[in-house]
Number of protein chains: 2
Amino acid sequence: MRNISLIVSYDGTNYHGWQCQPELITVQQTLQERIEKIVNHHIKLFAGARTDSGVHAYGQTVNFLTSSTIELKGLTRGLNSLLPPDIRISHAGEADRNFHSRYSAKSKIYIYSILNSAYNTPFYTRYVWHIPYSLNVLSMNRTVKLITGAHDFSAFKKKDTLYQNPIREVLQAGVKKRGDFIYVVIEGAGFLRYMVRNIVGTLMLVGSGKLTENDFRVILESKEREKAGPTAPAKGLFLRRIKY
Amino acid sequence: MRNISLIVSYDGTNYHGWQCQPELITVQQTLQERIEKIVNHHIKLFAGARTDSGVHAYGQTVNFLTSSTIELKGLTRGLNSLLPPDIRISHAGEADRNFHSRYSAKSKIYIYSILNSAYNTPFYTRYVWHIPYSLNVLSMNRTVKLITGAHDFSAFKKKDTLYQNPIREVLQAGVKKRGDFIYVVIEGAGFLRYMVRNIVGTLMLVGSGKLTENDFRVILESKEREKAGPTAPAKGLFLRRIKY
């Protein structure tokens with residue numbers, strides 16, 4: 001059996017997230033069906049990160065075992081011709097037999113995109129959170145550094161979810177401005193569900209002056225979801241890359 | 001009566017071009033209906049350029065006469081809340097009574113976007129012509145300069161159209177590369193229909209080595225549409241800006 005890994009990018013707008021769900025169109029199901037058509041047998045498809053509904057991926061990594069002898073180039077071309085244009089394969093490789101896109105992952109990089117301008121443009125609406133009032137990027141950048149290291153991230157979890165272990169390790173975090181765009185970049189060994197979007201939602205309150213850097217620290221340390229800001233919309237979030 | 005001008009950007013994907021046509025959804029009709037709802041009377045809406053079906057605009061200029069006393073800020077906000085997200089107003093201004101977005105225009109700048117990479121990405125599919133083989137940008141840039149000045153552009157007109165005067169003046173033209181993207185930029189005092197897309201389609205044959213710079217010159221001078229290359233797809237074309 002070969003263990004094949006793929007780098008996949010997708011526009012999550014029209015999908016109910018990565019993971020297969022009965023009656024709903026997901027990226028996993030869409031991709032798995034096309035792979036099965038090509039390799040001609042059922043497969044199990046694993047992904048480095050299970051992105052939520054509406055979230056995009058620039059570099060998701062997936063893998064599957066197959067008995068097919070198809071060449072990697074032919075596989076990539078075949079998949080790109082069978083897949084809808086909002087899912088693209090940019091790379092296919094042969095992986096070690098014990099490589100697992102989820103369990104072998106060392107870290108994941110997420111980027112959250114904000115368009116900070118008076119008016120939205122028609123070309124980015126599906127990929128940014130549009131904020132028409134001005135944001136203090138320096139103070140957002142200082143504040144987001146507070147999440148680096150290992151923390152109990154319960155304050156930024158999805159409401160009404162229970163974790164046996166809500167501690168996750170953030171390797172680096174920063175906020176940068178490029179023209180009218182503001183990007184929040186977070187690299188972590190693991191994430192709670194909605195964690196990035198809840199951090200961004202709270203960080204926006206710092207950027208607009210409603211909260212101070214110290215308020216953010218108090219919220220993180222409180223471990224109470226109710227204290228934090230709103231969940232930033234899914235459409236601004238990109239899974240940038242998974243490191244192995 | 002006030003003469004109000006607007007800067008409009010739109011994603012042309014879902015529209016049958018700018019100009020009103022019976023039974024078809026166009027940008028003009030969509031915008032005009034929203035303006036009429038706000039000013040509360042019928043208007044005539046003029047545009048600097050009548051973009052074709054599927055073509056985008058980053059900075060289209062339009063104008064209309066109105067007896068309404070609405071403030072410009074309120075007009076912009078009102079329109080942006082009534083319009084679908086693929087049409088946005090970025091500016092509203094009071095124009096001289098004799099300003100006409102079409103007849104007062106000095107020049108128009110069009111940009112054609114090409115994604116020149118082995119694989120397409122899901123995020124730009126609606127805005128680029130994806131070319132997977134490598135293109136010679138230097139030779140495309142040298143060649144496109146041949147169109148500057150006043151020329152009979154019949155070789156690049158829409159098939160089966162007749163012009164009394166097919167001479168148009170191009171003020172500047174260039175091709176530049178930015179990462180995997182290649183942009184063809186053409187500024188002209190006027191354009192024949194499909195002219196930019198036919199120039200780009202022919203320029204691609206130069207970029208891929210199928211035609212030389214001199215072949216392009218011969219095609220331009222022949223004034224025969226049959227000699228030129230294919231029409232580049234509408235989705236890569238942006239009306240960038242109109243100069244007055």
Side-chain angles (χ1 to χ4, degrees), chain A residues 6-15 27 30-31 51 54-60 72-73 75-81 83-92 111 113 115 117-130 132-133 178-181 233 235-240, chain B residues 6-15 27 30-31 51 54-60 72-73 75-81 83-92 111 113 115 117-130 132-133 178-181 233 235-240:
Chain A
L6 305 171
I7 309 280
V8 188
S9 53
Y10 46 85
D11 177 333
T13 311
N14 300 320
Y15 296 93
V27 181
T30 308
L31 179 55
T51 53
V55 172
H56 315 292
Y58 194 86
Q60 169 76 286
L72 294 174
K73 260 198 172 166
L75 175 66
T76 309
R77 280 205 195 124
L79 283 173
N80 279 329
S81 76
L83 283 164
D86 54 7
I87 305 180
R88 295 286 91 187
I89 310 297
S90 60
H91 180 81
I111 298 187
S113 306
L115 176 61
S117 62
Y119 302 107
N120 205 340
T121 86
F123 311 111
Y124 305 110
T125 20
R126 301 191 305 172
Y127 308 122
V128 296
W129 187 10
H130 175 236
Y133 47 83
R178 294 280 179 276
D180 285 341
F181 292 89
K235 63 181 186 167
L237 186 59
F238 287 75
L239 169 62
R240 179 67 187 84
Chain B
L6 304 172
I7 309 279
V8 188
S9 54
Y10 46 85
D11 177 335
T13 311
N14 300 321
Y15 296 93
V27 181
T30 308
L31 179 55
T51 53
V55 172
H56 316 290
Y58 194 86
Q60 168 78 284
L72 294 175
K73 259 200 173 167
L75 175 67
T76 310
R77 279 205 196 125
L79 282 173
N80 279 330
S81 76
L83 283 164
D86 53 8
I87 304 179
R88 296 286 92 189
I89 310 297
S90 61
H91 180 81
I111 299 187
S113 306
L115 176 60
S117 62
Y119 301 107
N120 206 338
T121 86
F123 311 112
Y124 306 110
T125 20
R126 301 192 306 173
Y127 308 121
V128 297
W129 187 10
H130 175 236
Y133 47 84
R178 294 282 178 275
D180 284 341
F181 293 89
K235 63 179 186 168
L237 186 59
F238 287 77
L239 169 62
R240 178 66 185 86

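Naming: A, B, ... by sequence-line order, numbering from 1 per chain. Quick caveat: nothing in here was measured; it's all calculated off a predicted structure.
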| query | For A/F238, is it the side chain, the backbone, both, or neither that has a heavy atom closer than 4.5 Å to a heavy atom of chain B? | reply |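 For A/F238, side-chain heavy atoms alone lie under 4.5 Å from chain B.
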
| A/R77 versus chain B, the contacting section by heavy-atom distance below 4.5 Å |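 For A/R77, there is no contact with chain B at all, as no heavy atom is under 4.5 Å.
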
| task | List for me each residue that meets side-chain contact (heavy atoms from CB on, under 4.5 Å) alongside A/T76, sequence neighbours excluded, and say none if there are none. | result |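 side-chain contact (heavy atoms from CB on, under 4.5 Å) check on A/T76 returns A/N80, A/I89, A/A92, B/Y119.
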
| query | Got a sec, which residues hit side-chain contact (heavy atoms from CB on, under 4.5 Å) with B/P233, two or more places apart in sequence or on another chain? | reply |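 Partners of B/P233 by the side-chain contact (heavy atoms from CB on, under 4.5 Å) criterion, ordered by chain and then number, come out as B/Y112, B/W129, B/K235.
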
| message | So if I take each residue of residues 6-14 of chain A and look for any heavy atom under 4.5 Å from a heavy atom in chain B, which residues do I end up with? | response |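 So far as heavy atoms go, A/S9, A/Y10, A/D11 are the residues that approach chain B to under 4.5 Å.
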
| message | Which residues pass the ring pair (Phe, Tyr, Trp, His ring centres under 6.0 Å) test with A/Y127, not counting sequence neighbours? | response |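 Expected list: A/H56, B/F123.
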
| Which residue, A/T125, A/N120, A/T121, forms the side-chain contact (heavy atoms from CB on, under 4.5 Å) with B/R88? |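 Of the listed residues A/T125, A/N120, A/T121, the side-chain contact (heavy atoms from CB on, under 4.5 Å) partner of B/R88 is A/N120.
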
